[in-house]
Amino acid sequence: MLSLSPLRQPPEDEAQLLAQAGLLAGMTLGELAALAGLPIPPDLKRDKGWTGILLELWLGASAGSKPEQDFAALGVELKTIPIDRQGRPLETTFVCVAPLTGNSGVVWETSHVRHKLKRVLWIPVEGERAIPLAERRVGSPLLWSPSAHEEAQLRQDWEELMDLIVLGHVERITARHGEVLQLRPKAANSKALTEAIGANGEPILTLPRGFYLKKNFTGALLARHFLL
DNA sequence: ACCTGATCATAG
DNA sequence: CTATGATCAGGT
């Protein structure tokens, strides 16, 4: 029988990764944290990435801040996603930081967004704040790649947003732009600034931005999986 | 009730 | 600062 313990090595293939992820389904974050020897914070207010780190540990992902996929050898990215009791996402999903300069000639095919989303292991986790963190249960894993339709949706939003950035209109972009992919601040606070292109082509300082998947997109891909 | 803009911790 | 991991919380 497989031992229920964190993987100390990266998984060898997708099947092994999925098998390990499957063992976690139904367990609580409290159980997984205790078995991994990880302290459980009272809530996520000051530990927003805690669930993601915990699952990385259990699945043998490279911890830390490397700008790579979580399972580089497999080309797989790990995403935990908080869900309500009906399996619908409670939050948008951060994809990557948006490049605000040096974008002449960039195309969808080689974009960071496309690369990050090429193959994703989604792990739904109960996320309602009424449920104590330690009692929240891990759901069934979903190894996903964008369908042709999903990629077309992503590409359209990405191209629209990148056009605005390149044309110096980043500060006119709001989270309402994009049907499935949105651009929002991704920073420590509202004082953190980075360089971007202004309306007259001049350098400006603005908030760092990130690409996020809207809930309608992740909700649909989860529903497709768990209803079929 | 929900979404958008703001925010939190850590490593390098 | 940028990268990783995301959720918070007030205004609409």
Side-chain angles (χ1 to χ4, degrees), chain A residues 6 10 29 32-33 36 38-72 76-86 88-103 111-113 115-117 120-134 136 138-139 157 161 164 170-196 203-219 222:
Chain A
L29 297 182
L32 294 178
L38 205 65
I40 306 172
D43 54 55
L44 296 179
K45 289 180 184 177
R46 298 187 176 276
D47 296 88
K48 297 179 177 180
W50 184 80
T51 306
I53 302 295
L54 177 63
L55 272 296
E56 281 187 349
L57 257 174
W58 274 91
L59 296 174
S62 54
S65 58
K66 304 183 200 66
E68 292 180 322
Q69 287 161 314
D70 296 294
F71 306 99
V76 173
E77 176 75 13
L78 175 66
K79 288 289 181 192
T80 60
I81 183 166
I83 56 169
D84 65 18
R85 64 188 58 203
Q86 302 178 44
R88 297 173 306 198
L90 287 166
E91 294 288 347
T92 57
T93 300
F94 173 71
V95 179
C96 61
V97 170
L100 302 183
T101 61
N103 284 314
S111 68
H112 288 261
V113 171
H115 185 248
K116 280 270 185 182
L117 298 180
V120 179
L121 179 66
W122 297 97
I123 311 275
V125 178
E126 289 182 328
E128 291 180 336
R129 296 179 203 181
I131 307 176
L133 184 57
R136 297 181 191 178
V138 175
D157 287 347
L161 292 166
L164 289 168
V170 62
E171 296 191 316
R172 303 218 306 229
I173 300 174
T174 76
R176 294 155 191 102
H177 286 83
E179 295 295 320
V180 299
L181 188 72
Q182 64 183 176
L183 197 75
R184 305 217 309 277
K186 167 62 173 174
N189 54 59
S190 59
K191 287 123 192 160
L193 298 175
T194 192
E195 188 175 304
I204 63 169
L205 289 178
T206 191
L207 284 173
R209 313 299 166 95
F211 288 109
Y212 295 79
L213 297 176
K214 291 188 172 183
K215 291 197 288 182
N216 60 344
F217 185 83
T218 50
L222 289 178

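Nothing here was measured: the structure is a model prediction, and the numbers come from that model. Here is the naming used below: chain letters follow the sequence lines, and residue numbers restart at 1 for every chain.
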For [X], which contact category applies under a 4.0 Å heavy-atom criterion: base, sugar-phosphate, or nothing?
X       : answer
A/Gly49 : base
A/Thr51 : nothing
A/Asp70 : sugar-phosphate
A/Glu77 : sugar-phosphate

Considering only side-chain heavy atoms of [X], which listed nucleotide, [options], is closest?
X        : options             : value
A/Glu56  : C/dG5, C/dT2, B/dG5 : C/dG5
A/Lys79  : C/dA3, C/dC8, C/dG5 : C/dG5
A/Ala192 : C/dC8, C/dC1, C/dG5 : C/dC1
A/Lys116 : B/dC8, C/dG5, C/dT7 : C/dG5
A/Leu207 : B/dA9, B/dA6, C/dT7 : B/dA6

How many whole angstroms separate atom [atom1] of [X] from atom [atom2] of [N]?
X        : N     : atom1 : atom2 : result
A/Asp43  : C/dA9 : CG    : C1'   : 13 Å
A/Tyr212 : B/dC3 : OH    : P     : 16 Å
A/Phe211 : C/dA3 : CZ    : C1'   : 16 Å
A/Leu54  : C/dT7 : CG    : P     : 13 Å
A/Gln69  : C/dA3 : CD    : P     : 16 Å
A/Lys214 : B/dC3 : NZ    : P     : 9 Å
A/Leu213 : C/dT7 : CG    : C1'   : 16 Å
A/Ile131 : C/dT7 : CD1   : P     : 13 Å

State whether [X] places a side-chain N or O below 4.0 Å from either non-bridging phosphate oxygen (OP1 or OP2) of [N].
X        : N     : result
A/Ser190 : B/dT7 : yes
A/Arg129 : C/dT7 : no
A/Thr92  : C/dA6 : no
A/Thr194 : C/dT2 : yes

Under the rule for side-chain hydrogen bond (donor to acceptor under 3.5 Å, both in side chains), what residues qualify as partners of [X], not counting sequence neighbours?
X        : value
A/Thr206 : A/Glu171, A/Arg209
A/Thr80  : none
A/Arg184 : A/Thr92, A/Gln182
A/Arg46  : none

* To do: List the atom of A/Glu179, the atom of A/Asn216, and the distance in Å for their closest heavy-atom pair.
  => O-ND2, 3.0 Å
* Shortest non-hydrogen separation from A/Val138 to A/Leu32 and the atoms involved -> CG2-CD1, 3.7 Å
* Structure fact -> Hits for salt bridge (charged side-chain N to carboxylate O under 4.0 Å, His left out) against A/Glu128, two or more places apart or cross-chain, chain-then-number order -> A/Arg85
* Asked: Taking DNA chain C as the partner, which of residues 176-189 of chain A come within under 4.0 angstrom of it by heavy atom?
  -> A/Arg184, A/Lys186
* Below 3.5 Å, does any donor atom in the side chain of A/Lys45 face an acceptor in the base of C/dT7, or the other way round? -> no
* Asked: Quick check: does any side chain N or O of A/Asp43 sit under 3.5 Å from a backbone N or O of A/Leu133, one acting as donor and the other as acceptor?
  -> no
* To do: Give a yes or no on whether the backbone of A/Leu78 and the side-chain of A/Asp70 come within a donor-acceptor separation of less than 3.5 Å.
  => yes
* A/Cys96 vs A/Leu44, nearer the 5' end of DNA chain C by closest nucleotide -> A/Cys96
* Let me know, please, whether A/Asp47 or A/Lys215 comes out on the 5' side of the other along DNA chain B by nearest nucleotide. => A/Lys215
